[in-house]
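Below: the structure, in structure tokens.
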Protein chains: 2
Amino acid sequence: MSLNDLDERIVHALAEDARRTYADIGAEVGLSAPAVKRRVDRLREQGAITGFTVRVDPAALGWKTEGFIEMYCRSHTTPDDIHRGLSRYPEVAAASTVTGDADALVQIFASDMRHFEQVLERIAGEPFVERTKSVLVLSPLLRRYTAGPPV
Amino acid sequence: MSLNDLDERIVHALAEDARRTYADIGAEVGLSAPAVKRRVDRLREQGAITGFTVRVDPAALGWKTEGFIEMYCRSHTTPDDIHRGLSRYPEVAAASTVTGDADALVQIFASDMRHFEQVLERIAGEPFVERTKSVLVLSPLLRRYTAGPPV
DNA sequence: CATGAAAGTAAGACAAC
DNA sequence: GTTGTCTTACTTTCATG
């Protein structure tokens, strides 16, 4: 499956404003509204578009402390173990298994430093976690799109 | 500015599906459609909601290689220098200055390993960059919301 | 915050290229 | 296979109470 230029421009338009009308997007890319909708529907079926979401300002919502936790896990910990263990934390914004020294990198949003510390301690106490190393975000410089990719 | 329970539930509903109708959301939270719209408008004015975007599957769009670059910068590099330097790269999905050894943490999406390597080399060659350390994502386990925060 | 009317938008069926 | 036009139903929006 490959996206042609038209699909890319539609996704790009939706990335900037997911509530734009199909007619509006169509005017930009040179299609009628139904044609745009059909392509969006197809992109959803293909799994290229997984949904629409709101872009929020963490700080404005009271999540003023952001950080990353590098997790070092015990032997025989599966990615699925980590996923199950972390999905219970609403403070976990993202998590991936990674190459390098650590086993996983976990992005955290907390209301303040005290909250961050509590989350860190609870995660460090998970049975599959051997040790952790964490860094705090000083300034969020750049953030694009939901899942991160440049479209 | 603080969000009450109603606002939170509206943001949560939009986070799950930003194209839901106001009437639909209203039925869930117990408000009429105009009432929901007014709150959303107010949240946008306040900056709590910064926009609506599409949630895409990077892999389905051809961005199959994800990684993080820890940047060690030269002295006297400002966050603004980093922002200016990195915003030119479409492959940069997110970037933050952080505590710890590295100065900044940069999230990258590339089409493949070769592409990732090229981006890494170009970023490492930026005048404000002293050295880099990079990790590759093996499995993206969890991803929530646009800007990352739990709502 | 709800109601109701007007304007705008979505979605499906259809024909045409 | 994809597109554009049309029609219907729904949603949004703004005025008013």
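So you know, we letter chains A, B, ... as the sequences are listed, proteins then strands, and number each from 1. Just so you know, these numbers come straight off a predicted model, no measurement behind them. Hydrogens, waters and symmetry mates play no part in the numbers below; they use all other heavy atoms, side chains included.
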What class does the angle between the rings of A:Phe68 and B:Phe68 fall in, given that below 30° is parallel, 30 to 60° is tilted and above 60° is perpendicular?
-> perpendicular
Please report, rounded to the nearest Å, how far the C1' atom of C:dA11 is from the CZ atom of A:Arg42.
-> 18 Å
More than 12 heavy atoms from other groups under 6.0 Å of CZ on B:Arg74 = yes
How many angstroms lie between CG in A:Asn4 and CD1 in A:Ile10, if you round to the nearest 0.5 Å?
-> 8.0 Å
Atom pair OG1 (A:Thr65) and CZ (A:Phe116), whose distance is rounded to the nearest 0.5 Å = 8.0 Å
Taking only nitrogen or oxygen atoms into account, show me every contact under 3.5 Å that the protein makes with nucleotides 12-17 of chain D, one pair per line with its distance.
{"unit_1": "D:dT12", "atom_1": "OP1", "unit_2": "A:Arg19", "atom_2": "NH2", "d": "3.4"}
{"unit_1": "D:dT12", "atom_1": "OP1", "unit_2": "B:Tyr22", "atom_2": "N", "d": "3.2"}
{"unit_1": "D:dT12", "atom_1": "OP2", "unit_2": "B:Tyr22", "atom_2": "N", "d": "3.1"}

Dump the intermediate steps for salt bridge (charged side-chain N to carboxylate O under 4.0 Å, His left out) on B:Arg39 and B:Glu8, then the final yes or no.
-> CA-CA 10 Å; B:Arg39 280 175 180 267; B:Glu8 273 192 41; over 6 Å; no
At how many degrees, to 10°, do the end axes of the helix from C:dC1-D:dG17 to C:dC17-D:dG1 meet when each uses five pairs?
-> 30°
For the atom pair CZ (B:Arg84) and CG (A:Leu141), what is the distance rounded to the nearest 0.5 Å?
-> 11.5 Å
Could you tell me whether B:Lys133 and B:Asp101 have a side-chain N and a carboxylate O separated by less than 4.0 Å?
-> no
How many Å lie between CG on A:Asp7 and P on D:dG1, as a whole number?
-> 16 Å
Is B:Arg88 salt-bridged to B:Glu126, cutoff N-O under 4.0 Å?
-> yes
